[in-house]
Amino acid sequence: MAIIRCRLAAAAVTALFLFAAMALPARAADLAAAAPTNAPDLSPFPPHLESYNDADLTGVWDVLVNRVHLEPFNLWASLIFLAAVLHTFLTHKFIRMANVLEAKHEQRWQADAANTGPCPASMAARVLHFFGEVEVVFGIWVIPLFALMLWRVGRQPTLDYLNLRVSYSEPLFVVTIMAISSTKPVLQLAERCLRFFARLGGGGTGAWWLAILTLGPLLGSLISEPAAMTISALLLGRQFYALKPPPRFAYATLGLLFTNISVGGVLTHYAAPPVLMVAGPWGWNTLFMFRHFGWIVLLGIAIANSGYYLVFRKALAQLKPDPEAPPAEPPDEVQTSIPVWVTVGHLLFMAALVWYAHFPVFLIGVFLFYLAFFEVTADYQSELQLRSPILVGFFLAGLVIHGGLQQWWIAPVLSRLNEVPLLLGAIGLTAFNDNAAITYLSTLVPNLAEAMKFAVVAGAVTGGGLTVIANAPNPAGQSILKQFFPDGISPLGLLLGALPATIVFALCFLWLG
C-alpha cells in the first residue's frame with residue numbers, strides 16, 4: 001500500500017505540474033494582451049543610479065550627501081541594514097541570555113513543591129532564543145523596513161520593490177539544493193569519495209579534516225557552493241566537531257571552511273553566486289575562470305590548509321573517537337545498500353536545479369518532482385531535512401531585500417577605487433553584505449577595466465568567510481554546525497578564524513593575479 005500511495009502522489013504531482021505548464025502560456029498571453037503598450041514604470045524605488053545625475057561630482061562624500069538629499073529614505077534603509085548587521089554580531093549573546101533565563105526558570109519550578117511534572121518552557125527564554133537565531137535576523141528587520149517604506153515611500157512603490165525589483169531565485173535555489181544535497185544517498189556518495197582520499201592519508205581525524213576542507217570546497221565549482229557547504233559541514237560535524245575540538249580550533253576550522261567554500265566555486269562560471277552575477281554581462285566562461293582564478297585558488301587552498309594544519313597539528317592529533325561511544329552513523333558496510341539508480345536520480349535533480357538556478361518556476365517544479373521521487377524511494381532515504389534549508393532561505397530572502405537598497409552607496413565607493421584598494425575594499429564590503437551583491441553592483445559601473453573586474457571579484461570571494469552574511473552558503477554551514485557551539489557561533493570567533501585564510505587568498509590574488 002505504501003508503494004501505491006507513493007506512486008499515486010508522484011502521479012498527482014506530475015499531473016498538477018503539467019496542467020500548470022499548459023495553463024501558464026495562455027495566462028501569460030492574456031496578461032500581455034491586457035497590458036498597455038506604453039505602461040509606465042511601476043517600480044521607481046529605489047531610484048536608478050543614473051537618475052541622481054551626479055556624474056560631475058568627484059568626491060564620494062559629495063555623491064552620498066546628494067543621494068540622501070534627493071532620496072532621504074536611502075539613509076533610513078542603510079541605518080536599518082546596519083542595525084540588522086549589528087544584530088548578527090549579538091546573536092550569541094541572545095542565546096547565552098536565553099540559556100541563563102531557562103536555567104533560572106527551571107530552578108524556580110523545581111523549588112516550588114506544588115509543581116509536578118516536567119517544567120514548561122519559559123516564553124521569555126524562547127523569545128530571546130528566537131532573536132539569537134542568525135537565520136531570522138534579516139527577516140526580523142524587514143518588518144521595520146517594510147513599515148518605514150510604507151510611511152516614507154508609499155504603498156505601491158513598496159509592494160513593487162518587494163514583488164518586482166527583488167529576485168528571490170537565489171534563496172529558493174539554496175533551499176532546494178540544500179534539501180537534496182543533505183539526503184542520505186548524496187551524503188553517502190560524498191562520504192565514500194572523501195573516505196578514499198582520507199584513507200590515502202591514513203584514515204585518521206587529520207586525514208579526514210584535510211580531505212573535507214580541500215576537496216569539499218572544490219565541489220562548489222561543480223554542484224554549487226550551497227551543496228558543497230552542506231556536504232562539507234555535515235561531514236565535518238560527523239568526523240571532526242563530534243570529537244569536541246578546543247574552541248580556538250573549532251572556530252579556525254569554521255572560518256577556513258567558509259573561506260574555502262567562498263573561493264572554491266570560481267573554477268567554473270556557473271556555480272558560485274558572485275561569479276554568476278558577472279559571467280553573463282562580462283562574457284566570462286569556465287576557461288576564463290580557471291585561467292584567471294582557478295589555479296590561484298587551488299594554490300591558495302593548499303597553502304591555507306597546510307598553514308592551519310601545522311598550527312593545530314597537536315590539537316588534531318589529540319582528537320580521537322571514543323571507542324565506547326556509539327558511532328554517529330553506521331559504517332558503510334552495514335548501511336542500507338542504496339541502488340545506483342537512486343543516487344544517480346539525486347544527482348540529476350541537483351544538476352537540474354543548477355541549470356535552472358535563475359528560474360524560480362522551474363526550481364519549484366523540479367523540487368516538486370523530487371519530492372515525488374523521494375517518496376517513491378523512501379526505503380533508501382532518511383528523514384527529509386527541511387527546517388535548516390527553509391531558515392537559510394528566509395535569511396537570504398531578508399538579505400536580498402535589504403541589500404537591494406544599499407546600491408546607492410556601494411556603487412560610488414567601488415567605482416572610485418583603484419585596483420589594489422578595490423580588491424581590499426571589496427573584501428571589507430563583503431563582510432557587511434553578500435558578496436554576490438558586491439559583484440552585481442560592479443556590473444552597473446560603466447566602462448570598468450579588466451583589471452578592476454578581476455579585483456572586485458577576487459576581493460568579493462576572498463572576503464566570503466569573514467561573516468555569516470558574506471557569502472550565500474554561510475548560513476547553511478552555520479545552521480548545520482551551530483549545535484557544536486554551546487552558546488551559538490560568535491561572529492568575532494568566526495572573523496578571527498577566517499582572517500588568516502582571508503589574508504592568504506588576498507596575497508595570492510595580489511601577487512599572482
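Taking CG of Leu510 as the start and CD of Glu419 as the end, the distance is 8.0 Å to the nearest 0.5 Å. Here the CD1-CD distance, from Ile338 to Gln188, works out to 4.0 Å after rounding to the nearest 0.5 Å. For the atom pair CD1 (Ile261) and CE (Met229), the distance works out to 5.0 Å, reported to the nearest 0.5 Å. Atom-to-atom distance recorded for Thr462:OG1 and Leu423:CG is 6.0 Å, nearest 0.5 angstrom. In this structure, CZ on Phe374 lies 10.5 Å from CD1 on Ile180, to the nearest 0.5 angstrom. Asn74 contributes atom CG, which lies 6.5 Å from atom OG of Ser78 (distance to the nearest 0.5 angstrom).
Judged purely by atom type and a 3.5 angstrom limit, Ser262 uses its side chain to pair as donor or acceptor with the backbone of Val461. The closest donor-acceptor contact from the side chain of Thr430 to the backbone of Gly463 lies at 3.5 Å or more, if one exists at all. In terms of modelled atom types and a separation under 3.5 Å, the side chain of Trp295 and the main chain of Arg291 share a donor-acceptor contact. A side-chain donor-acceptor contact under 3.5 Å links Asn260 to the backbone of Leu213. With hydrogens and angles ignored, the 3.5 Å screen pairs a side-chain donor or acceptor of Arg313 with a backbone N or O of Leu310. Put simply, the side chain of His269 gets close to the backbone of Thr286: a donor and an acceptor are under 3.5 Å apart. Looking only at distances, a side-chain donor or acceptor of Tyr241 sits under 3.5 Å from a matching main-chain atom of Ala250. A donor-acceptor contact shorter than 3.5 Å is absent between the side chain of His129 and the backbone of Ala125. A distance-only check finds a donor-acceptor pair linking the side chain of Ser221 to the backbone of Gly264 [under 3.5 Å]. When atom types are taken as modelled, the side chain of Thr183 and the backbone of Ala179 share no donor-acceptor pair closer than 3.5 angstrom.
The aromatic ring centroids of Trp284 and Phe293 lie less than 6.0 Å from each other. Ring centroids of Tyr251 and Phe485 are separated by less than 6.0 Å, placing the two rings close together. A distance below 6.0 Å separates the ring centres of Phe240 and Phe249.
Counting heavy atoms from C-beta outward, Leu145 and Leu405 have side chains that approach closer than 4.5 Å. At a threshold of 4.5 Å between non-hydrogen side-chain atoms, the residues Ile303 and Leu299 count as touching. You'll find the side chain of Phe94 stays beyond 4.5 Å of the side chain of Phe130, heavy atoms only. Side chains of Leu399 and Phe81 form a contact here, defined as non-hydrogen atoms less than 4.5 Å apart. Looking at heavy atoms from C-beta onward, Phe173 lies out of side-chain contact with Tyr356 at the 4.5 angstrom threshold. For the pair Leu298 and Leu218, the minimum side-chain heavy-atom distance is below 4.5 Å. Trp282 has its side chain within reach of Leu448: a pair of non-hydrogen atoms, C-beta onward, lies under 4.5 Å apart. You'll find the side chain of Phe73 reaches within 4.5 Å of the side chain of Phe45, heavy atoms only.
Across Thr230 and Ser182, no two heavy atoms sit closer than the pair CG2-CB, 3.6 Å. Across all non-hydrogen atoms, the minimal contact from Val174 to Pro226 is CG2-CG, 3.8 Å. Across Ser232 and Leu257, no two heavy atoms sit closer than the pair CB-CD1, 3.8 Å. In terms of heavy atoms, Tyr308 sits closest to Ala252 at CE2-O, 3.4 Å. Closest approach of Ile95 to Pro486, counting heavy atoms only: CG2-O, 4.3 Å. Closest of all the heavy-atom pairs between Ala304 and Ala501 is CB-CB, 4.4 Å.
Side-chain N/O atoms of His87 and Trp141 include a donor and acceptor closer than 3.5 Å. Remark: the Gln381 side chain and the His346 side chain contain an N/O donor-acceptor pair separated by less than 3.5 Å.
Checked options Val468, Thr467, Asn474; the residue passing with Asn471 is Asn474 (criterion: side chain to side chain contact (heavy atoms under 4.5 Å, CB included)).
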Quiz item: Hey, mind stepping through Val166 and Tyr168 against side chain to side chain contact (heavy atoms under 4.5 Å, CB included) and telling me if it holds?
Solution: CA-CA 6 Å; Val166 177; Tyr168 302 99; 3.6 Å; yes

Practice problem: Kindly determine whether Ile427 and Leu466 satisfy side chain to side chain contact (heavy atoms under 4.5 Å, CB included), including the steps that lead there. | Solution: CA-CA 9 Å; Ile427 294 175; Leu466 293 173; 3.9 Å; yes

Exercise. Test Asn305 against Tyr309 for side chain to side chain contact (heavy atoms under 4.5 Å, CB included), laying out the working first.
Key: CA-CA 6 Å; Asn305 287 359; Tyr309 183 86; over 6 Å; no

Quiz item: Between Leu172 and Phe367, does a side chain to side chain contact (heavy atoms under 4.5 Å, CB included) hold up when you go through it step by step?
Solution: CA-CA 10 Å; Leu172 184 58; Phe367 192 64; over 6 Å; no

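Salt-bridge check for Arg126 with Glu102: failed, with every basic side-chain N at 4.0 Å or more from each acidic carboxylate O.
Residue Phe359 places its CZ atom among 12 or fewer non-hydrogen atoms of other residues, nucleotides or ligands, all under 6.0 Å distant.
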